[in-house]
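Index from 1, following the sequence.
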Amino acid sequence: MNVLGAMAGICDGEFTKKFTNQNVDIITLGGFSCDIPTYEASCMIKDMGRDEFTIKPYNLSNYITDNVKIIHDYNPNWNGKICVNIRGSNSEGFKILKNNTNIDILEINAHCRQKPITDAGSGQNLQYNLDILEDIICEVSSHKNYDTSIKLRANVEGVDILDIIDIINQYPVKYIHIDAMKPGIMCADYEIIEKISENTDKHIIANNSITTYDDYLKMINHKAHSVSVARAALKGDITHIFK
């Protein structure tokens with residue numbers, strides 16, 4: 001499957017709808033903040049001049065409904081899946097979309113590394129707090145309306161990502177989305193994708209530095225099941241990647 005990844009402040013229904021015509025199987029909305037500390041962090045980031053969504057948590061369910069409708073109204077014949085990427089600091093916030101029947105996948109964001117987000121205990125910070133992360137995985141994977149995905153950043157200092165994979169393997173999570181970033185190198189860490197794939201039977205979505213079809217094939221050849229792009233989509237056309 002070909003995946004359009006989340007980009008905070010960018011990936012809403014209006015931006016993503018055109019990719020329904022570009023061989024994309026999963027469109028990801030978000031990332032959104034699902035609790036007050038993370039929402040306040042989002043506001044701080046926006047005040048600093050960086051793209052962010054600042055939808056108040058209690059408005060998020062209706063906002064998602066409206067944006068899913070934008071996508072399907074634009075292309076009623078698209079048969080792909082809608083994923084929503086959300087960030088929060090504890091499992092309570094992740095209940096916020098529990099009753100949404102208009103999405104196919106809820107993606108736990110354990111990936112965002114913006115300092116206000118990590119200071120709020122959300123995003124990549126969850127990789128240092130495995131008890132909280134496991135509570136969130138347990139909560140989201142208990143929801144019956146949609147499948148569960150979790151997005152992780154590879155090669156986080158002080159974190160053994162395989163310890164997280166061991167936790168995920170205990171729950172009915174369908175997708176593991178990996179940003180295969182490695183500090184100090186200018187391309188994706190393909191070996192970490194292969195290592196993770198060898199330690200789970202979950203569906204692996206690989207991400208990082210995907211700008212060409214050759215990059216796409218390298219991820220697949222290193223045992224990714226699917227590939228996602230994000231920043232490459234800012235130009236509006238990813239058909240050269242998702243042939």
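Under a hydrophobic-cluster definition in which Ile, Leu, Val, Met, Phe, Trp and Tyr are linked whenever side-chain heavy atoms come within less than 4.5 Å, directly or via other members, M7 and I55 are assigned to the same cluster. The cluster map of Ile, Leu, Val, Met, Phe, Trp and Tyr, joined by side-chain heavy atoms under 4.5 Å apart, puts F53 and I82 in the same cluster. Hydrophobic clustering places I150 together with V159 (ILVMFWY residues linked when any side-chain heavy atoms are closer than 4.5 Å, directly or through intermediates). When hydrophobic clusters are built by joining Ile, Leu, Val, Met, Phe, Trp and Tyr residues whose side-chain heavy atoms come closer than 4.5 Å, directly or via intermediates, M181 is not grouped with I192. Taken together through direct or relayed side-chain contacts under 4.5 Å among Ile, Leu, Val, Met, Phe, Trp and Tyr, I193 and L152 form part of one hydrophobic cluster.
Checked by atom type, the side-chain pair Q124/R153 shows a donor-acceptor distance below 3.5 Å. Side-chain contact check for N77 and N75: no donor-acceptor pair (N or O, by modelled atom type) lies under 3.5 Å. When only modelled atom types and interatomic distance are considered, S42 and T54 share no side-chain donor-acceptor pair under 3.5 Å. Side-chain polar atoms of T212 and D215 form a donor-acceptor pair below 3.5 angstrom. R87 and T38 form no side-chain donor-acceptor contact under 3.5 Å, judged by distance and modelled atom types alone. Side chains of N145 and N99: a donor-acceptor N/O pair is absent below 3.5 angstrom, by distance only. Side-chain N/O atoms of T28 and N85 include no donor and acceptor closer than 3.5 Å. A side-chain donor-acceptor contact under 3.5 Å links Y216 and N2.
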Next item on the list: Using the side chain to side chain contact (heavy atoms under 4.5 Å, CB included) rule, take R50 and M44 through it: C-alpha gap first, then chi angles, then the decisive distance, then the call.
Entry: CA-CA 9 Å; R50 185 181 173 94; M44 189 182 305; over 6 Å; no
Checklist line | Steps toward side-chain hydrogen bond (donor to acceptor under 3.5 Å, both in side chains) verdict (N207, S228) | finding: CA-CA 5 Å; N207 168 264; S228 77; 3.1 Å; yes
Check: Should K182 and N155 be marked as a side chain to side chain contact (heavy atoms under 4.5 Å, CB included) after you check the CA-CA gap, both sets of side-chain angles, and the distance that decides it?
Finding: CA-CA 6 Å; K182 188 170 185 179; N155 298 307; 3.5 Å; yes
Next item on the list: Please test E92 against K98 for salt bridge (Lys or Arg N to Asp or Glu O under 4.0 Å), starting from the C-alpha separation and ending with a verdict.
Entry: CA-CA 11 Å; E92 189 65 26; K98 186 172 185 176; over 6 Å; no
Check: Stepwise, does the side chain to side chain contact (heavy atoms under 4.5 Å, CB included) test hold for V229 with V24?
Finding: CA-CA 10 Å; V229 301; V24 171; over 6 Å; no
Check: Stepwise, does the side chain to side chain contact (heavy atoms under 4.5 Å, CB included) test hold for K151 with Y175?
Finding: CA-CA 8 Å; K151 188 169 185 183; Y175 305 99; over 6 Å; no
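Pairing each heavy atom of N208 with each of A180, the nearest pair is CB-N, 3.7 Å. When all heavy atoms of D25 and W78 are compared, the pair lying nearest together is O-CZ2, 3.8 Å. In terms of heavy atoms, V227 sits closest to M219 at CG2-CB, 3.7 Å. The two residues N67 and G13 come nearest to each other via the heavy atoms OD1-N, 2.9 Å. Summarising the geometry of I105 relative to Y146, their closest heavy-atom pair is N-CB, 3.8 Å, with the distance given to 0.1 Å. Heavy atoms only, all atoms of each residue included: A41 and P116 are closest at CB-O, 3.2 Å.
If you take CD1 on I64 and NZ on K69, they are separated by 15.5 Å, rounding to the nearest 0.5 Å. In this structure, I45 CD1 and E40 CD are separated by 12.5 Å, a value rounded to the nearest 0.5 Å. To the nearest 0.5 Å, the span separating NE2 on H203 from CG on D147 amounts to 11.0 Å. Rounding to the nearest 0.5 Å gives a distance of 8.0 Å between CG of D73 and CD1 of I70. Taking CG of N169 as the reference point, atom CD1 of I164 lies at 12.0 Å (rounded to 0.5 Å). Taken from SG in C34 to CD1 in I86, the straight-line distance is 4.0 Å, to the nearest 0.5 Å.
Salt bridge annotation for D104-K81: absent, with no cationic side-chain nitrogen under 4.0 angstrom from a carboxylate oxygen.
Counting only heavy atoms from C-beta outward, the side chains of I161 and V156 never approach each other to under 4.5 Å. Within the 4.5 Å cutoff, the side chain of R231 has heavy atoms near those of the I10 side chain. For the pair I205/I176, no side-chain contact is recorded, criterion being any heavy-atom separation below 4.5 Å from C-beta on. With contacts defined as side-chain heavy-atom distances shorter than 4.5 Å, the pair P57/I36 qualifies.
Residue K17 places its NZ atom among more than 12 non-hydrogen atoms of other residues, nucleotides or ligands, all under 6.0 Å distant. Within 6.0 Å of atom CG in D160, more than 12 heavy atoms from other residues, nucleotides or ligands are found, so the atom counts as buried in its surroundings. For K18, the NZ atom counts as densely surrounded, since its 6.0 Å shell holds more than 12 non-hydrogen atoms of other residues, nucleotides or ligands.
Checked options V68, V84, T16; the residue passing with I27 is T16 (criterion: side-chain contact (heavy atoms from CB on, under 4.5 Å)).
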Please output the side-chain donor-acceptor pairs of residues 131-140 that fall under 3.5 Å, not counting sequence neighbours, one pair per line with the distance.
| from | atom 1 | to | atom 2 | distance (Å) |
| --- | --- | --- | --- | --- |
| E134 | OE2 | Y171 | OH | 2.6 |
| E139 | OE2 | H143 | NE2 | 2.6 |

Report, one line per pair, each donor and acceptor closer than 3.5 Å where one atom sits in a side chain of residues 232-243; sequence neighbours left out.
| from | atom 1 | to | atom 2 | distance (Å) |
| --- | --- | --- | --- | --- |
| D237 | OD1 | T239 | N | 2.9 |
| D237 | OD1 | T239 | OG1 | 2.6 |
| H240 | NE2 | T211 | O | 3.2 |

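The backbone N or O of K202 sits less than 3.5 Å from a side-chain atom of T200, completing a donor-acceptor pair. Judged by distance alone, with hydrogens and angles left aside, the side-chain atoms of S209 form no donor-acceptor pair with the main-chain N or O of C187 at under 3.5 Å. Side chain of T148 to backbone of K174: no donor-acceptor contact under 3.5 angstrom is found.
Ring planes of F32 and Y63: perpendicular class, angle over 60° (limits at 30 and 60°).
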